[in-house]
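Quick notes on the structure that follows.
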Amino acid sequence: MSEISKAYEPQSVEDKWYDFWLKQGCFTADPKSTKPPYSIVIPPPNVTGMLHMGHVLNNTIQDILSRKARMDGKEVLWLPGTDHAGIATQVMVEKHLKKEEKKSRHELGREEFLKRVWLWKEKHGDIIINQLKKLGCSCDWTRERFTMDPEYSRCVQKVFVELYKKGLIYRGKRMVNWCPVSQTALSDEEVEMKPQNGFMYHFKVQVAEAPDTWLTIATTRPETIPGDTAVAVNPKDPRYAQLIGKHIVRPLPAELPREQKLIPIIGDEHVDFEFGTGVLKVTPAHDKADFDIGTRHKLPLIEVINADGSMNALAGASLAGLDRFKARKVAVELLAEQGAMIESKPYENNVGFSQRADVPIEPRLSEQWFLKYPAVPQSKACVAEGRMKFHPDRWAKVYDHWLTNIQDWCISRQLWWGHRIPVWSVTDSDEAKAKARFEHWAEQLKSSSESSIRRNGNVVSIATITPGVQHTLEMSGWQQDPDVLDTWFSSWLWPFATMGWPENTETLTKFYPTTDLVTGPDIIFFWVARMIMAGYEFMGDVKFALPDAMPFQNVYFTGIIRDKQGRKMSKTLGNSPDPLVLIAQYGADALRFGTMRSAPLGQDVLFDEKDVELGRNFCNKLWNACRFRQMQGGEVQGEIERTLLTPDDKWILLKLDSAIREVTVALNEYKFSEATAALYKFFWSEYCDWYVEACKAVFFGTDATQKANTLAVIDFVLSHTIRLFHPFLPFITEELWHGMGFATDMPNNQGGKTIMNAPWPLPFDDDFKGHYGLDDCYVEITDTKYELVRNGRDLRRAGNIQAAKKVKYVFKPAQHLTPHDAEVIKLLLNAEALEVNADYQPPKGTPTVNTKLGELFLPLEGLIDVAAEKIRLTKEAEKIQAEIVKVEQKLANPNFTTKVPPAVLAEHEQRLAEWKNKLTHTQASLAALG
RNA sequence: GCGCGCUUAGCUCAGUGGUAGAGCAUUACCUUCACACGGUAGGGGUCGCAGGUUCGAAACCUGCAGCGCGCACCA
């Protein structure tokens with residue numbers, strides 16, 4: 001900082017220090033360290049994603065926690081990495097392929113397509129990583145992981161086989177949430193219910209055995225009529241009960257002969273006779289509830305919708321080939337033509353949408369892999385019993401509710417990009433052959449802990465992670481399951497699969513369980529809950545010797561970043577600012593500080609670029625405050641001489657002590673906006689606004705010893721302040737730490753190499769306070785002095801004096817006033833002179849203010865607008881009067897005076913006295929004006 | 001339907017029983033030798049509504065309204 005620029009220029013500072021930290025290995029965690037551990041695993045962003053404001057919020061918090069922990073003397077591991085993001089990445093590459101080569105992935109073939117995805121990953125995979133570096137994230141990049149790394153992949157396979165072996169993973173034909181666009185099954189969590197404006201259609205059907213009887217059926221999906229295999233009524237419904245066992249004539253497909261259109265009327269309790277007409281069409285192949293009814297009544301299934309959402313031949317000639325929504329319109333027309341349509345009225349209902357593709361999902365019967373969640377009781381208990389803490393804790397209830405009503409997890413996806421299911425099968429011509437095959441392989445694999453074999457009829461399946469076995473199976477005609485696993489089936493292993501599991505590595509020993517997890521509440525089920533279950537299931541092994549296998553001790557849920565209008569950030573709305581643009585414009589520290597300042601615990605954050613501007617302004621203020629110190633010259637001052645401390649010095653030291661306490665407490669409670677607010681207030685409103693200004697009284701003077709001591713106080717305060725700011729503002733604080741010389745001659749653990757290793761400031765202890773005479777009374781004394789200054793400045797306004805104009809004040813002290821204090825007051829008042837005169841007799845019309853320290857006059861005969869000043873003082877007096885009445889009323893109430901704690905009573909009495917005193921002085925001032 | 005959150009200055013938000021706060025915006029004045037990304041002084045709120053508890057409620061309790069979110073759903 002030999003040449004200090006007038007404004008802080010982050011661009012010239014940030015890259016320099018980030019490179020320095022990397023080169024010095026400052027972020028690298030040492031599992032052999034004897035320091036206590038602190039660890040976080042990053043929520044891995046999509047490998048092909050771009051940094052958005054949500055990442056900024058999330059990762060700034062993690063960085064603050066990590067940097068604070070380092071300053072607390074912890075061995076810190078912040079483990080970074082990326083997620084392969086199955087659907088998102090595959091769709092991205094498919095689009096690119098379509099655009100560049102006009103080819104579909106099927107035209108390319110699975111193997112070739114996967115090569116392209118890997119190429120894409122190599123090309124774009126480090127974009128988001130570099131963006132995190134720009135933000136200043138202190139991740140241990142030597143340990144960066146990707147969920148498709150070979151070692152990670154092996155963990156996923158191992159976990160699959162273990163759960164398969166335990167019988168928790170099974171394959172079955174079930175109704176699943178099918179996305180017709182991505183053409184894959186989805187888990188329940190990936191379905192988003194959205195209200196839709198559609199129609200409720202009422203159509204009539206004839207009862208076959210009683211041609212005069214017609215039933216009216218209500219439906220929102222007439223296109224599925226060809227798939228109906230029954231109509232259901234409630235057996236307790238007197239209107240229809242007698243019809244159970246009879247049949248109706250299904251109106252579609254119209255071309256079928258009458259006998260093929262007959263479907264039974266069944267009785268089922270599921271039917272709500274209050275709703276619709278009380279008659280329910282049952283489409284077991286295309287509705288979850290209907291499937292259950294179908295199972296209960298052994299109804300046949302007729303599939304009429306294809307995987308891509310179009311209708312098939314069974315839907316009838318008129319519908320076949322049409323998209324499901326087009327088919328709905330045509331079905332309505334067909335019913336109308338038959339005279340079966342009774343009415344259609346607008347109707348709002350909730351429809352499940354594919355979160356990824358944003359199209360209505362299609363309940364579809366298909367063969368999928370499911371997981372019965374493991375370790376559910378332990379996972380519930382650790383949060384319920386408070387061993388794992390959620391911040392804010394209300395999410396614990398949401399978590400518990402989900403675990404209580406948990407359904408099996410559909411883990412297979414009909415995609416190519418992802419972890420392929422490690423199961424090989426072969427189908428024999430009959431069961432006997434299959435049985436023989438099963439027995440042969442069961443014998444072969446009996447000593448293998450890495451394989452598991454099952455037989456289902458004439459199908460034999462082997463789940464295995466042994467490459468040799470896999471190869472043999474491939475060679476002898478076994479087919480590997482074509483599906484891949486849900487991306488979250490790899491993410492849920494993140495806290496330990498990134499640390500060398502299944503080996504009991506020194507990293508796991510040192511850093512697992514992790515300390516904090518920082519993530520968004522939107523993935524509490526997707527990720528957080530599942531990681532907890534995986535932790536208990538896979539880290540509970542005795543070999544890890546953990547008292548508790550939970551993957552983290554605290555979960556901090558951030559808010560969701562919205563725009564100024566409260567809308568979610570989205571690409572389509574274009575309301576999502578590019579953090580890198582903001583960093584280029586304002587600096588990474590500014591973005592971090594602004595974001596933290598406006599992100600209270602547990603609330604959504606309405607992002608406004610003004611916040612970043614505020615961050616920049618703050619950095620500039622910090623910069624210039626240090627610049628001021630440098631301009632006073634001299635080396636870093638060491639020892640503070642206690643006998644030379646002024647009341648202002650003691651005041652700022654005591655304020656610093658409060659700030660250290662407040663910031664530390666706020667951080668311990670994860671209240672980042674409170675921490676920044678406390679820092680802001682201390683540094684701007686206390687240090688800069690008052691202390692620095694007061695110091696000028698010394699610096700403009702001639703006492704070199706006093707000057708040196710003031711510099712020592714400044715250096716002490718700044719060296720503490722910069723450290724308090726470091727977790728929030730890593731770049732500028734490192735620059736200033738070195739530039740101000742605070743790193744010079746320091747051992748590494750005191751910040752000699754980098755402020756990252758400087759100790760976090762501790763509140764002052766009694767010895768320290770005693771030695772420097774830091775009695776709380778100095779806060780009060782000095783506050784009073786500054787109050788006097790504020791009042792004195794008010795007088796200028798009364799005199800309508802230009803800010804630049806120097807005027808003379810007269811002070812009539814009520815007690816002894818030191819020359820230093822007189823000088824400070826003079827300076828802060830921007831006065832030409834301050835005449836201290838105990839016998840001063842002001843001429844009539846002299847504006848005055850009175851404080852505990854004494855009376856201050858601004859003698860400006862003839863220059864004052866007496867009338868205006870009178871109005872001002874009269875208003876002032878009225879205000880004070882009102883306050884007095886308020887307090888007097890309280891004190892007149894015997895209920896108050898008898899029941900209130902003595903301290904509160906005393907406080908009220910004192911307040912009354914103060915107001916009365918003020919009133920006296922205001923009235924005197926008024927009288928003095930004549 | 002069940003659950004959760006929010007409602008305080010024009011805006012965004014702090015404030016868990018004792019004198020209503022911050023930042024931004026706004027008004028006036030000021031380029032004074034750290035900083036105009038700055039300084040000084042000001043204006044602006046019956047704390048969503050109605051009850052209750054209490055000597056005292058923005059805060060605690062009950063009810064209501066509005067906004068937002070999550071879960072579950074009836075065709």
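Please read all numbers here as calculations on a predicted model, not as lab measurements. Atom set for the values below is all heavy atoms of this structure, side chains included, hydrogens, waters and symmetry mates excluded. So you know, we letter chains A, B, ... as the sequences are listed, proteins then strands, and number each from 1.
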Per A:Lys610 side chain, nearest of listed nucleotides B:rA25, B:rG18, B:rA41: B:rA25
Plane angle bin for A:Phe593 and A:Tyr680 - parallel if under 30°, tilted between 30 and 60°, otherwise perpendicular: parallel
Whole-Å gap separating P (B:rA41) and CD (A:Glu876): 14 Å
Closest to side chain of A:Arg616, choosing from B:rC24, B:rG39, B:rC37: B:rC37
Rounded distance (Å) that lies between atom C1' of B:rU19 and atom CG of A:Leu891: 13 Å
Sugar-phosphate, base or nothing in reach of A:Trp915, heavy atoms under 4.0 Å: base
Exceeds 12 heavy-atom contacts within 6.0 angstrom, atom NZ of A:Lys194: yes
Any A:Tyr8 side-chain N or O less than 4.0 Å from OP1/OP2 of B:rA34: no
Residues, nucleotides or ligands: over 12 heavy atoms within 6.0 Å of A:Lys918 NZ: no
Watson-Crick or G-U counterpart of B:rC33, or none if no pair lies under 3.5 Å: none
Atom C1', compared across B:rG42 and B:rC35: separation rounded to whole Å: 23 Å
NZ/NE/NH1/NH2 to OD/OE distance under 4.0 Å, A:Arg911 and A:Glu914: no
Distance, P atom - from B:rU26 to B:rU62, rounded to whole angstrom: 43 Å
B:rC47: pairing nucleotide in any strand, Watson-Crick or G-U under 3.5 angstrom: none
A:Gln407 CD to B:rC71 P, straight-line distance once rounded to whole Å: 14 Å
Carboxylate-amine/guanidinium proximity below 4.0 Å for A:Glu888 and A:Lys916: yes
Nucleotide forming a Watson-Crick or wobble pair with B:rC60, both distances under 3.5 Å: B:rG52
A:Trp684 side-chain proximity, nearest of B:rA75, B:rA34, B:rG39: B:rG39
Nucleotide nearest A:Glu674 when distance is taken to its side chain, options B:rA14, B:rC37, B:rC71: B:rA14
A:Leu919 CG - B:rU19 C1' separation (whole Å): 16 Å
Separation of the P atoms in B:rU16 and B:rG21, to the nearest angstrom: 15 Å
Heavy-atom protein contacts under 4.0 Å, nucleotides 2-13 of chain B, coded B base, S sugar-phosphate only, - none: -SSSS-----SS
Sugar-phosphate, base or nothing in reach of A:Arg796, heavy atoms under 4.0 Å: nothing
Watson-Crick or G-U wobble mate for B:rG5, both contacts under 3.5 Å: B:rC67
P atoms of B:rC49 and B:rA57, separation to the nearest Å: 15 Å
A:Glu274 CD to B:rC74 P, straight-line distance once rounded to whole Å: 16 Å
Length of the CZ-P vector between A:Arg629 and B:rC35, whole Å: 17 Å
Separation of atom CD1 in A:Ile524 from atom P in B:rC71, rounded to whole Å: 11 Å
A:Glu189 bridged to A:Arg530 by N-O distance under 4.0 Å: yes
Sugar-phosphate, base or nothing in reach of A:Pro894, heavy atoms under 4.0 Å: nothing
Nearest listed nucleotide, side chain of A:Tyr680, among B:rG18, B:rG23, B:rC74: B:rG23
Touch class at under 4.0 angstrom, heavy-atom based, for A:Phe700 against every strand present: nothing
Separation of the C1' atoms in B:rC13 and B:rG63, to the nearest angstrom: 28 Å
P atoms of B:rA20 and B:rC2, separation to the nearest Å: 39 Å
A:Glu274, CD atom: more than 12 neighbouring heavy atoms under 6.0 Å: no
Between B:rG48 and B:rG43 - C1' atom distance, rounded Å: 25 Å
Touch class at under 4.0 angstrom, heavy-atom based, for A:Leu280 against every strand present: base
Test of ring centre spacing under 6.0 Å for A:Tyr399 and A:Trp395: no
Greater than 12 external heavy atoms within 6.0 Å of A:Gln407's CD: no
Candidate nucleotides B:rC74, B:rU40, B:rA20, ranked by approach to the side chain of A:Lys886 - the nearest: B:rA20
Trace of the side chain to side chain donor-acceptor pair (under 3.5 Å) decision for A:Tyr586 with A:Glu609: CA-CA 10 Å; A:Tyr586 299 102; A:Glu609 199 167 315; 2.9 Å; yes
Touch class at under 4.0 angstrom, heavy-atom based, for A:Ala625 against every strand present: base
NZ/A:Lys808: more than 12 non-hydrogen atoms of other groups inside 6.0 Å: no
Presence of A:Lys6 side-chain N/O under 4.0 Å of B:rA36 phosphate oxygens OP1/OP2: yes
Proximity to RNA chain B (any heavy atom under 4.0 Å), residues of residues 685-695 of chain A only: A:Cys688, A:Asp689, A:Val692, A:Glu693
Presence of A:Lys696 side-chain N/O under 4.0 Å of B:rA34 phosphate oxygens OP1/OP2: yes
Any strand: nucleotide that pairs with B:rG17 via Watson-Crick or wobble, under 3.5 Å: none
Distance, P atom - from B:rG44 to B:rC6, rounded to whole angstrom: 30 Å
Pairing partner (Watson-Crick or G-U wobble, both distances under 3.5 angstrom) of B:rU40: B:rA28
Listed nucleotide nearest any side-chain atom of A:Asn617, set B:rC37, B:rC74, B:rG23: B:rC37
A:Asp287 and A:Lys281 ion-paired at < 4.0 Å: no
Whole-Å gap separating C1' (B:rC55) and CD (A:Glu888): 17 Å
Nearest-nucleotide 5' precedence on RNA chain B, A:Glu883 against A:Phe275: A:Glu883
Heavy-atom donor-acceptor pair, A:Lys621 side-chain to B:rC35 base, under 3.5 Å: yes
Flag if over 12 foreign heavy atoms under 6.0 Å of CD, A:Glu780: no
